[in-house]
Number of protein chains: 2
Amino acid sequence: MQDSIKLAGIREIAEALSISNGTVDRALHGRGGVSAKTAARVLKMAEELGYRPNLAARALKLNRRIRIGVQLPKQIASFFDPLRSAIRSAATASRGFQIALDFEEYPRLGHGDVELLTRVLGRPSDQRYDALIVTPGNPARVDALLTSIARSGTAIICVASDAPRSERLASVAVDAYTSGSIAAELLARTLPNGSVATITGDLTTLDHADKLRGFAATLATLAPHLTLLTAVESHDRAEEAYRQTVALLKRRPRPVGLYLSTANSIPVLEAVREHRMAGKIQIVTTDLFNALLPYIESGDVLATLYQRPQTQAKIALETITSYLLEGTLLNPVTRLAPHIILRSNLPLFLDHVTERQISRGVSF
Amino acid sequence: MQDSIKLAGIREIAEALSISNGTVDRALHGRGGVSAKTAARVLKMAEELGYRPNLAARALKLNRRIRIGVQLPKQIASFFDPLRSAIRSAATASRGFQIALDFEEYPRLGHGDVELLTRVLGRPSDQRYDALIVTPGNPARVDALLTSIARSGTAIICVASDAPRSERLASVAVDAYTSGSIAAELLARTLPNGSVATITGDLTTLDHADKLRGFAATLATLAPHLTLLTAVESHDRAEEAYRQTVALLKRRPRPVGLYLSTANSIPVLEAVREHRMAGKIQIVTTDLFNALLPYIESGDVLATLYQRPQTQAKIALETITSYLLEGTLLNPVTRLAPHIILRSNLPLFLDHVTERQISRGVSF
DNA sequence: TTGAAAGCGCTACCAC
DNA sequence: GTGGTAGCGCTTTCAA
């Protein structure tokens, strides 16, 4: 089979119709100032000749240096640091655009994000972002802001979470419901009778709530032999998680399985180890970072659900560039499957773990 | 943090040194005809100004219509059909290059591949491929050919398998050893005592042998309670697989787990069902296609290891274009982690399953 | 409403 | 060894 496409450009269309290429361009892009009749002829001929715009030429001519704002929280660093650096390298690799990135940070989801977003609206128009990458925290508090920004001409891309009721251009995230569902299936298949517990961050966060819904639903379907204890919220703080874990371990009968739906897993794992329950409780965690590695290698952790920050970054930037350059919206909503990382496939992910994910302060 | 890179082009370097941009270009690309001294000055200034080539301009100027040959087997269609169509769409989406694809097919791995490769060497030089995408079957029989083609100036990219001793430019594949290892871990975690069997294609194929090595190694480590029966080779033929499965099911004690390391799983699953053993034997399969879906949904299949043809295609084309356009070899060897598809995350993969994977004849 | 032409940054060719 | 320059296909501006 041969894909030989004859390359028809604007020039060819113009010649075929004996008009100027300026007119063809205007017609093709509906820029106005073209009679309806001519426009129709152009469109028809373009179709006929199989017109494919030369993106290199377009990019060269436009030669825009597009400006992308990136507003992400410092925490949880194990996820957002790799995400940031992946955005950086995806931007560097981009053909066609010079991409200027403007990174801004705030402490954590729901703490400082609104302020940064507000500041975007105040930027002088010559410094406007062409696109803005954000992780929306509480939708109720950012929806309106995101919509305002979008209407001001900045394309909004949500990563890691979503604000579906805002006018964001696109959203990329791991499917949270499915994440919970996978955790439940893994526990269902490996555990005999007993009860399982979940430790999450904050149930007002959509992502966390969705994970729990998926977990509960699948547990009910696949594991009628397992009882689900009420969810514990650790608010992504280390001591809280530690304390709550100790409390869980003192319950009788003791839970046989644990689903940690945020990256705040280390204090939990430490508590489990200190109580000499390592390996006796099946644990499914979230994300991948240095401190977690030994627990996976030892088998203390059955599996971790990796949210693929690199992939999310790549998709986000592809979405932005193809939107700005070609005017096509690839995929308004991308829901990735998390990678299920076990002991056996861990080696393949080791190069995804960066070094400088040192937890400072109480959480990570 | 602000990434404002001042955009220095060839022009800027030339002006800074009061020389012509032709000279700068020659120096930057080591094209010769430049005095060592000038070349050094140019390189230094380029460094200083942070020279970044404008890839759009380069692409526009070169305006090559690169020609990529794609030689893949018809079987196993569930893998190679999606791979082919993903190559197609990745090529269409490519900025900078017009890509002409030349698809060629042969019946199956090891049957007809050598002939197609030989034919490549005979092509008139004006029809030479800039790059060739292949799945090497038996390395012993294609290594030399691949090297000849590579030396003739065609970049060879191996997908789905590898020929590491040839002079191929790059290789993209799922890590076979890890695939087997994952299968073993899943069975180890879900099975009590007993024996497990493997059905593979052909142990002379590197990929199949590697999977088995990984399976055996991990089984020994994680599941001393499980016995591994000797591997069965079905040569990817349906009746053979069916017959062998029936034989396996007649063994006493009956195997409690099964690892099917090729996509030739349907006859096995049918045999299991007919013997009313569905759900009583844990089965891990390979790849994802329509016919397999009901088995995953019903739980007959515990997990399938998906080899991500779309991802492989994308990486292969990225490797090719960045090599031909920028002259940089991204990653000579890419080893993907297979996706572990369970019942819970299956919905996220449904759109990866194309329709026209109808098995014709004896195998797929 | 349409035509003509400049020019984006790079490569390659020709002249010196 | 080096300088000068045409031109890739597109967008955009100015003139008609």
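Since the model is a prediction, treat every value here as computed from it, not as a measurement. In what follows, every chain begins at residue 1, and chains take the letters A, B, ... in the order their sequences are listed.
Checking C/dG9, D/dT2, D/dT12 against the side-chain heavy atoms of B/A57 singles out C/dG9 as nearest.
Not one N or O on the side chain of B/R26 forms a donor-acceptor pair closer than 3.5 Å with the backbone of B/N21. Using a distance-only test at 3.5 Å, with no hydrogens or angles considered, a donor-acceptor pair links the side chain of A/S148 to the main chain of A/A144. Listed for the B/S94 side chain is no donor-acceptor partner under 3.5 Å among the backbone atoms of B/A90. Looking only at distances, no side-chain donor or acceptor of A/T154 sits under 3.5 Å from a matching main-chain atom of A/A150. Looking only at distances, no side-chain donor or acceptor of B/T38 sits under 3.5 Å from a matching main-chain atom of B/V34.
Residue B/T38 places none of its side-chain N or O atoms closer than 4.0 Å to OP1 or OP2 of D/dG1. When the side-chain nitrogen and oxygen atoms of A/Y51 are compared with OP1 and OP2 of D/dC10, one or more of them lie within a distance under 4.0 Å. Residue B/N54 places none of its side-chain N or O atoms closer than 4.0 Å to OP1 or OP2 of C/dC8. For A/R11 and D/dG9, the shortest distance from a side-chain N or O to OP1 or OP2 is not below 4.0 Å.
A cation-pi arrangement is present between B/R123 and B/Y129 under the rule of less than 6.0 angstrom and at most 45 degrees off the ring axis. Remark: A/R88 is positioned above the aromatic ring of A/F103, its terminal NZ or CZ atom under 6.0 angstrom from the ring centre and at most 45 degrees off the axis.
Here the P atom of nucleotide C/dT11 and the CG atom of A/L60 are 12 Å apart, to the nearest Å. Straight-line distance from the CZ atom of A/R64 to the P atom of D/dT11: 10 Å, rounded to whole Å. Atoms CZ (A/R65) and C1' (C/dC8) sit 16 Å apart, rounded to a whole Å. We find that CZ of A/R41 is positioned 9 Å from P of C/dT2, with the value rounded to whole Å. Regarding A/E12, its CD atom lies at a distance of 11 Å from the P atom of D/dC8, rounded to whole Å. Rounded to an integer number of Å, the gap from CD of A/Q98 to P of C/dG9 is 9 Å. Note: NZ (A/K61) to P (D/dG7) measures 18 Å, nearest angstrom. Atom P of nucleotide D/dC10 and atom CZ of B/R95 are separated by 16 Å, given to the nearest angstrom.
With rounding to the nearest 0.5 angstrom, the CZ atom of A/R168 is 14.5 Å from the CD1 atom of A/I149.
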Subject >> From CA spacing to verdict: side chain to side chain contact (heavy atoms under 4.5 Å, CB included), B/F79, B/Q307 >> reply: CA-CA 8 Å; B/F79 179 81; B/Q307 312 207 64; 3.6 Å; yes
**OP:** Evaluate the side chain to side chain contact (heavy atoms under 4.5 Å, CB included) criterion for residues B/I315 and B/L336: first the C-alpha distance (whole Å), next the side-chain angles of each, then the deciding distance (0.1 Å), finally the verdict.
**Re:** CA-CA 10 Å; B/I315 294 175; B/L336 292 176; 3.9 Å; yes
Heteroatom pairs (N/O) under 3.5 angstrom, protein to nucleotides 14-16 of chain C:
none

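Using a 4.0 Å heavy-atom distance criterion, B/L62 is classed as a sugar-phosphate-only contact.
Contacts between residues 27-35 of chain A and DNA chain D, counted as heavy-atom distances below 4.0 Å, involve A/H29, A/R31. Within a heavy-atom distance below 4.0 Å of DNA chain C, the residues of residues 18-25 of chain B found are B/G22, B/D25.
Side-chain atoms of B/T321 and B/R95 include no donor-acceptor pair closer than 3.5 Å.
B/L101 pairs in a side-chain contact (heavy atoms from CB on, under 4.5 Å) with only one of the listed residues (B/I133, B/V70, B/I66), which is B/V70.
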